[in-house]
Amino acid sequence: MASVKLPDGRQLEIEPAERARDVAERIGKRLARDAIVAKLDGNLIDLDAPVDGGGEFEVVTGDSAEGLEVLRHSTAHAMAQAILELYPGSKLTIGPPIEDGFFYDIEVAGRITDDDLPRIEERMREISARDLPIEREAVSKAEVLRLYEDNPYKLEIISDLEDGEITLYRQGDFFDLCRGPHVPSTGRLGAFKLQNIAGAYWRGDEKNKMLTRVYGTAWPTEKQLKAYLRHLEEVKARDHRKIGKDLDLFTFSPDIGAGIPLFLPKGEMLRHLMEDYVREVQTRHGYDHVWTGHLANEQLYVKSGHIEHYRDDMYPAMVDGETRYRLKPMNCPSHMTLFNSQAHSYRDLPLRYAEFATLYRYEKSGQLSGLTRVRSLTQDDAHVFCTEAQVQEEFSRALKIVREVLDTYGFDDYYVRLSLRDQETGKYVADDEKWTRAEGALTEALDATGIPYRPAAGEAAFYGPKADFMAKDVLGREWQLSTIQVDFIQPARLGCEYVGEDGQGHTPVLLHRAVTGTTERFMGVLIEHYGGAFPVWLSPLQAVVVPVADRHLDYARRVQETLAAAGIRVEVDDSQNSMQKKIRENARQKVPYLLIVGDAEAEAGTVNVRRRGEREQEETPLEDFRARVLEEVGSRR
RNA sequence: GCCCGGGUAGCUCAGGGGUAGAGCAGCCGCCUUGUAAGCGGCCGGUCGGGGGUUCGAAUCCCUUCCCGGGCUCCA
């Protein structure tokens with residue numbers, strides 16, 4: 001007789017024809033009730049599936065990632081059923097679970113708008129109330145081809161499937177080609193909500209037909225769903241576009257153009273502080289800053305190869321007689337031109353050129369989004385010219401800068417995606433040996449620092465391997481921030497050369513790297529990361545002096561002068577508002593310190609300090625406050 | 001670029017063929033305030049731009065610009 005082994009090591013004897021649900025029942029009633037599917041020898045199976053072959057057995061509930069996926073997948077099926085019932089003749093395509101939810105791409109007979117979502121959701125609840133058993137059925141390829149004879153999408157999918165391995169899932173009149181597994185019945189769906197409608201090309205290819213995609217989210221319990229929706233609210237409240245407007249940081253104007261952010265005084269101060277900081281770190285690590293303007297002769301990009309590969313992302317040329325100019329889409333060719341303007345000995349290397357350069361890229365209009373995707377962007381870019389032997393050390397140096405900066409901003413949860421060559425494809429240039437050495441150097445440098453990294457084969461740039469830093473913000477969202485790339489190709493193309501110890505000309509290796517990526521995008525990330533409440537050193541406005549009554553204005557101004565003289569960014573709120581309203585308004589502006597001054601403070605030479613986010617105040621000698629702020633700014637806490 | 005939704009006062013939004021609205025902000029007064037909205041008044045809009053339908057258009061249609069969600073996480 002067969003037996004299954006449970007996760008706790010127990011063995012259970014299995015009767016012939018016994019199903020997963022029976023085993024779950026025998027383990028525990030409660031577990032059986034929470035069960036979504038089961039796992040046999042590492043494979044997910046339906047609760048209806050027989051387990052009389054025995055093996056390692058595990059009950060899967062909605063608490064596990066796998067259970068959630070199944071739950072969401074089943075919810076997607078219920079949604080598909082609801083849509084087919086409400087829009088007869090619609091054609092299903094694919095409907096997978098995704099992070100936090102699911103979607104289904106459907107060629108809808110008619111049209112679904114956001115206003116229809118409640119109706120569909122209601123029908124889904126009805127389907128759930130019907131508690132239809134969800135049954136798996138093995139079908140032959142011929143049979144399933146017939147079933148879907150009027151659905152070209154499914155036919156396309158089926159054509160890639162092996163006969164004998166094709167399964168269908170049925171619930172009531174509804175069926176869907178599906179690998180499964182699924183919850184045992186539609187009554188076992190959890191809490192769900194439909195979220196939004198979007199267009200999606202069949203197979204993601206813009207040459208294909210546009211389908212209607214409906215997104216939804218699903219959770220085991222109502223409580224979890226609520227918590228998730230609250231999380232979404234939090235994300236929305238931190239949206240950098242909203243905060244950017246509320247805090248007067250930046251704006252956009254159709255009079256200027258799409259994707260070209262305009263920075264108000266506070267936003268510019270923020271940019272300035274961000275860039276200043278990186279400049280300071282880079283300088284400390286031996287980088288030199290250069291400046292190469294906004295335009296370049298198109299011939300430069302012909303030579304570098306960018307025109308060929310990058311043309312669609314560049315602004316059209318400005319023509320001046322025989323000469324065609326392009327807005328700079330990247331700095332490397334300019335920095336190599338700078339390199340070439342002088343003769344170099346191996347003794348000069350490594351040469352590290354850094355630039356905060358505003359570049360212009362013609363992003364597709366639909367790709368633009370707030371500060372995270374813009375057409376005018378400022379990179380904190382640098383190019384290190386070095387010998388091959390210096391690659392590892394320079395990589396480590398860049399790594400140090402990146403780590404220091406990310407650490408300061410509180411991005412302590414990150415890993416490196418190490419993009420390597422894929423031997424199979426022919427897209428990578430340069431010789432094998434160099435690649436092998438470069439990849440080895442990067443891997444060793446990463447190992448030495450102990451940063452977790454995940455190799456990604458086939459993701460390398462055409463000119464060399466790269467390391468991208470993936471950091472999580474306070475809301476757990478992942479952003480690609482810094483990048484370090486090794487380039488064997490471009491220096492040769494642009495004729496970069498140094499004289500080696502042997503007196504011969506050699507081509508340097510080029511390291512491309514960016515710490516915060518672009519100022520605009522990183523600012524967007526920072527705004528959301530901090531929710532607009534920037535640390536003191538980064539706050540455009542660090543303190544506001546609030547006089548209790550107009551007769552305290554003189555003292556307020558003296559406080560301002562004292563602090564401003566120390567380099568603290570401080571204003572006096574001399575508006576005609578009541579004191580409470582001034583506190584409210586400045587608190588909403590997320591000013592780190594409000595300094596309330598009235599009779600007592602003026603007399604004692606103190607300020608009453610109200611810290612951002614706190615209600616308690618503290619009367620502090622002005623001198624002490626000044627020293628405290630300077631200390632905070634100095635340590636960038 | 002493509003699909004869907006949207007654009008009304010500086011901001012947030014209501015109004016969807018029949019005289020353009022509210023709150024906040026702004027301005028002017030009064031109040032002189034002790035820790036998140038003091039009171040009153042006033043100003044403010046070619047309803048994104050252009051074209052059309054209509055006796056009449058913010059509202060319906062076309063077009064254009066801009067914004068938002070999304071465009072393989074594969075049955």
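Just the heavy atoms: all of them, side chains too, but no hydrogens, waters or symmetry mates, feed the values below. Chain letters run A, B, ... following the sequence lines, proteins first and then strands; every chain starts at 1.
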Nucleotide nearest [X] (side chain, heavy atoms from C-beta), chosen from [options]:
{"X": "A:Pro96", "options": "B:G34, B:C2, B:C73", "value": "B:C73"}
{"X": "A:Gln367", "options": "B:A36, B:G1, B:G69", "value": "B:G1"}
{"X": "A:Arg203", "options": "B:C74, B:C66, B:G34", "value": "B:C74"}
{"X": "A:Asp550", "options": "B:U12, B:G69, B:U32", "value": "B:U32"}

Give one of base, sugar-phosphate or nothing for [X], where a contact means two heavy atoms less than 4.0 Å apart.
{"X": "A:Ala587", "value": "base"}
{"X": "A:Gly370", "value": "sugar-phosphate"}
{"X": "A:Gln580", "value": "sugar-phosphate"}
{"X": "A:Ile94", "value": "sugar-phosphate"}

Exercise for the section: Report the residue (A:Asn608 or A:Tyr362) whose heavy-atom-nearest nucleotide on RNA chain B is the more 5′ of the two. Expected result: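 The 5'-side residue here is A:Tyr362.
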Practice task
Using the closest heavy atom to pick a nucleotide of RNA chain B for each, name whichever of A:Ala600 or A:Leu211 lands nearer the 5' end.
Solution key: A:Leu211
Exercise for the section: State the syn/anti category of B:G16 according to its glycosidic angle, syn meaning within 90° of 0. Expected result: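 What B:G16 shows is a syn base, its glycosidic angle lying within 90° of 0.
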Practice task
Report the relative orientation of the aromatic rings in A:Tyr301 and A:His306; use parallel for angles under 30°, tilted for 30 to 60°, perpendicular for over 60°.
Solution key: perpendicular
Practice task
Hey, can you tell me if A:Tyr362 and A:Tyr315 have their rings parallel, tilted or perpendicular (30° and 60° cut-offs)?
Solution key: perpendicular
If I take atom [atom1] in residue [X] and atom [atom2] in nucleotide [N], what distance separates them, rounded to the nearest angstrom?
{"X": "A:Asn208", "N": "B:C71", "atom1": "CG", "atom2": "P", "answer": "15 Å"}
{"X": "A:Lys154", "N": "B:U72", "atom1": "NZ", "atom2": "P", "answer": "18 Å"}
{"X": "A:Ile157", "N": "B:C74", "atom1": "CD1", "atom2": "P", "answer": "13 Å"}

Does [X] make a side-chain N or O approach to OP1 or OP2 of [N] shorter than 4.0 Å?
{"X": "A:Arg584", "N": "B:U35", "answer": "no"}
{"X": "A:Ser578", "N": "B:G38", "answer": "yes"}
{"X": "A:Tyr215", "N": "B:C71", "answer": "yes"}
{"X": "A:Lys245", "N": "B:U12", "answer": "yes"}

Problem - Whole-Å C1' distance, B:A22 and B:G45 - result: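 One C1' to the other, the span is 14 Å.
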Exercise for the section: State whether A:Arg611 and A:Glu618 are salt-bridged, where the test is any N-O pair (Lys NZ or Arg NE/NH1/NH2 against Asp/Glu carboxylate O) under 4.0 Å. Expected result: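 A salt bridge is absent here (no side-chain N lies under 4.0 Å from a carboxylate O).
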Problem - A:Phe625 ring center near A:Tyr593 ring center (under 6.0 Å) - result: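 Between A:Phe625 and A:Tyr593, the centre distance is under 6.0 Å.
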Practice task
Establish, for the pair A:Arg72 and A:Phe102, whether the NZ or CZ atom is under 6.0 angstrom from the six-membered ring centre and no further than 45 degrees off its axis.
Solution key: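 No, A:Arg72 does not lie over the aromatic ring of A:Phe102.
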